[in-house]
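The analysis underlying the following values was restricted to heavy atoms, covering all of them including side chains, and did not include hydrogens, waters or symmetry mates. Chain letters run A, B, ... following the sequence lines, proteins first and then strands; every chain starts at 1. Small disclaimer: the values here were computed from a predicted structure and weren't measured.
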Amino acid sequence: MPESENEKSRKLSGLNFIEAIIEEDLYNNKNQGRVHLRFPPEPNGYLHIGHAKSICLNFGLAKTYNGLCNLRFDDTNPEKEDVEYVDSIMEDIRWLGFEWYDKAYYASDYFEQLYQWAEKLITAGKAYVDEQPQEMISEQRGVPTRPGTESPFRNRPVEESLDLFRRMRAGEFTNGAMVLRAKIDMASPNMHMRDPIMYRILHHHHHRTGDNWCIYPMYDWAHGQSDFIEGITHSVCTLEFEIHRPLYDWFLDQLAEGSYRPRQIEFARLNLSYTVMSKRKLLELVNEGHVNGWDDPRMPTISGLRRRGYTPLSIRNFADRIGVAKRDNVIDVGLLEFSVREHLNQVAPRVFAVLDPLKVIITNYPEGKVEEMELQNNPEDPDAGSRKVAFSREIYIERDDFLEEPPKKFFRLGPGREVRLKGAYIVKCEGFEKDENGRITEIYCTYDPSTKSGGSGAGRKVKGTLHWVSVAHAIEAEVRLYDRLFLDEDPAGHEDKDFKSFINPDSLKILQHCKLEQSLETATAGGQFQLQRLGYFCVDKDSREKQLVFNRTVPLRDPWSKKNR
RNA sequence: UGUCCGAUGGUGUAAUGGUAGCACUGCAGAUUUUGGUUCUGCCGGUCAAGGUUCGAGCCCUUGUCGGACAACCA
């Protein structure tokens, strides 16, 4: 298609609002046409799916507009931060498939610059040292509907503030003795403009600057200036910072001289149904043992999703699908599940595994005979080839694939019924055995030799097709069936009830002695498969030689069981 | 009885004054040696009331509802 003369005009259609802003800025050649974003996590916890949305957004925008995206650790609170988190955050971002520009940046690298700028503000009469106790400052701040009152130290001489500030840095005072405040407007309807605190005294070891500092900048003072130092053009953050924007701009206006300005843009954070997303609540789940760590496959953390068997591509596709806007949203967790099924359907090899085995004896099949059946590895991918699966007189099928008194629409096995054993023969149920409790112990079938898959008589159609595993050739494994962690759509949304009261008691079912086809013997941790007719599974890192552990990533879509629920 | 932000099917997200589209979900059917996949069809939406306009989801006014803000957290 030839480029029209509108080529240079803004094409704002079909874009999300952030893309529209960037296109507009590009059109106006703002900041010399640079596009430079950043992802600024605080290293005080593990990344979760909500962060993934932000990561995909920021790094994705940079890619779309041939720009750059920094990774910057917002490490201005040494009491909560740790290298452990720095490492896990970098691992998760890389795993998602993104690479940050240049190197990892740290707000702590700017402490000296920030300090110098703070002195400049003091000198300009735009900041002052307040020696009041915390409670007094808090009280004077007022409430959103009532203006605050000014601190008695607000108009102290510049020299006094400067001297005190230098001594704050020198370590002459104890924690909480005084703070540096910006002098803005105690009557502002925006609480954040009521002389916000820029520095507090914190005698605490920092994971990068060690004991070099005992005063640390607050978020509002550090963040925008860090953006400025790094040449960020579009500072994308979540909605709760919207009200901080006037302050973000105010600080920059005090310091910036040229025309370059980073611009803060806010979007609505991700909420997912049937889970919780706050770091505090996730921490609670871990600390109280409701899950087995940050990477428990039921956690919405990146590491949890990874261990659950989610793929980076499926998460990126998910992030694309949910879009980005400013209105509050709750995404159906089903959309996440759709995304992982979509990807795994393309790439996961199909294998047979029987989770709840029921023995079937094919009475007219010769004892001792073994046939190697040829099975396609992935019908969605012809290049995936095929494998041999041993078939013999005694096999396992899934216990719920047999019903003593099956309803009409039940396409599986029942007395007198026929089914296709996938990749093998059509068998007919001739009888079964029960124990004293009425539990079925064995089924007896006859097979029709003419119906062998791939053979001349294979064309005969029956209603159902079952997966199976030869008793003599089966290997055993543990299988962990994961379900959503909460029974309530919005576990944290109840004022009268704790979110943990909605924990799903069946969110993890551990099955032992599941029967797998022999080819799985060589599977290794991280391997992903579709257990045919059951779902997508991955090999857990808990696996040991001859003791495989599988995690269920997500079951297959199953309208039949849904209808019968 | 403050300021700021937001409101489009069940859930998300487009439509930038000119036919309300897409995805997920749901329902129905076709195909299928996975009750999977794939394909087809269907159900279903502009918060309300005024105003501007030939024409409003979009612009204006008012209202309603939802969210954010009162850490020496980010």
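- With U33(B), G12(B), U25(B) as the candidates, the nucleotide lying closest to the side chain of Asn329(A) is G12(B).
- For A74(B), the base has a donor-acceptor partner in the side chain of His244(A) [N/O atoms by modelled type, under 3.5 angstrom].
- Ring centroid separation for the pair Tyr274(A) and Phe486(A) does not come in under the 6.0 Å cut-off.
- Contact annotation: Arg269(A) side-chain N/O to G67(B) OP1/OP2 distance is not under 4.0 Å.
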*Which parts of nucleotides 34-44 of chain B does protein reach within less than 4.0 Å, heavy atoms only, written one letter per nucleotide 5' to 3' as B for base, S for sugar-phosphate only and - for none?*
BBBB-------

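- Close to A74(B), at under 4.0 Å from its OP1 or OP2, lies a side-chain N or O of Arg200(A).
- Distance noted for atom C1' between C58(B) and A7(B): 13 Å (whole Å).
- Note: Phe352(A) and Trp468(A) meet the aromatic proximity criterion, with ring centroids under 6.0 Å apart.
- A salt bridge links Asp448(A) and Arg460(A); the closest N-O separation between the charged side-chain nitrogens and carboxylate oxygens is under 4.0 Å.
- A cation-pi arrangement is not found for Arg156(A) relative to Tyr128(A), the charged atom failing to lie both closer than 6.0 Å to the ring centre and inside a 45° cone about the ring normal.
- Relative to the side chain of Asp332(A), the nucleotides U11(B), A15(B), A70(B) differ in distance, and U11(B) lies closest.
- Gln132(A) comes within 4.0 angstrom of a base, heavy atoms only.
- The side chain of Glu242(A) lies closest to C4(B) when the candidates are C4(B), G12(B), C24(B).
- Distances shorter than 4.0 Å separate none of the side-chain N or O atoms of Ser138(A) from OP1 or OP2 on A70(B).
- Aromatic pair Tyr216(A)/Phe111(A): ring centres closer than 6.0 Å.
- Nearest-nucleotide mapping onto RNA chain B: of Pro41(A) and Lys461(A), the residue sitting toward the 5' end is Lys461(A).
- Among the protein residues, Val324(A) comes within range of the sugar-phosphate backbone only, with heavy atoms under 4.0 Å from sugar or phosphate atoms but none that close to a base.
- Between Phe537(A) and Phe529(A), the distance from one ring center to the other does not fall under 6.0 angstrom.
- Residues Phe251(A) and Phe228(A) place their aromatic rings such that the two centres sit no closer than 6.0 Å.
- Taking only side-chain atoms of Ile243(A), from C-beta outward, the nucleotide of A68(B), A74(B), C24(B) with the closest atom is A68(B).
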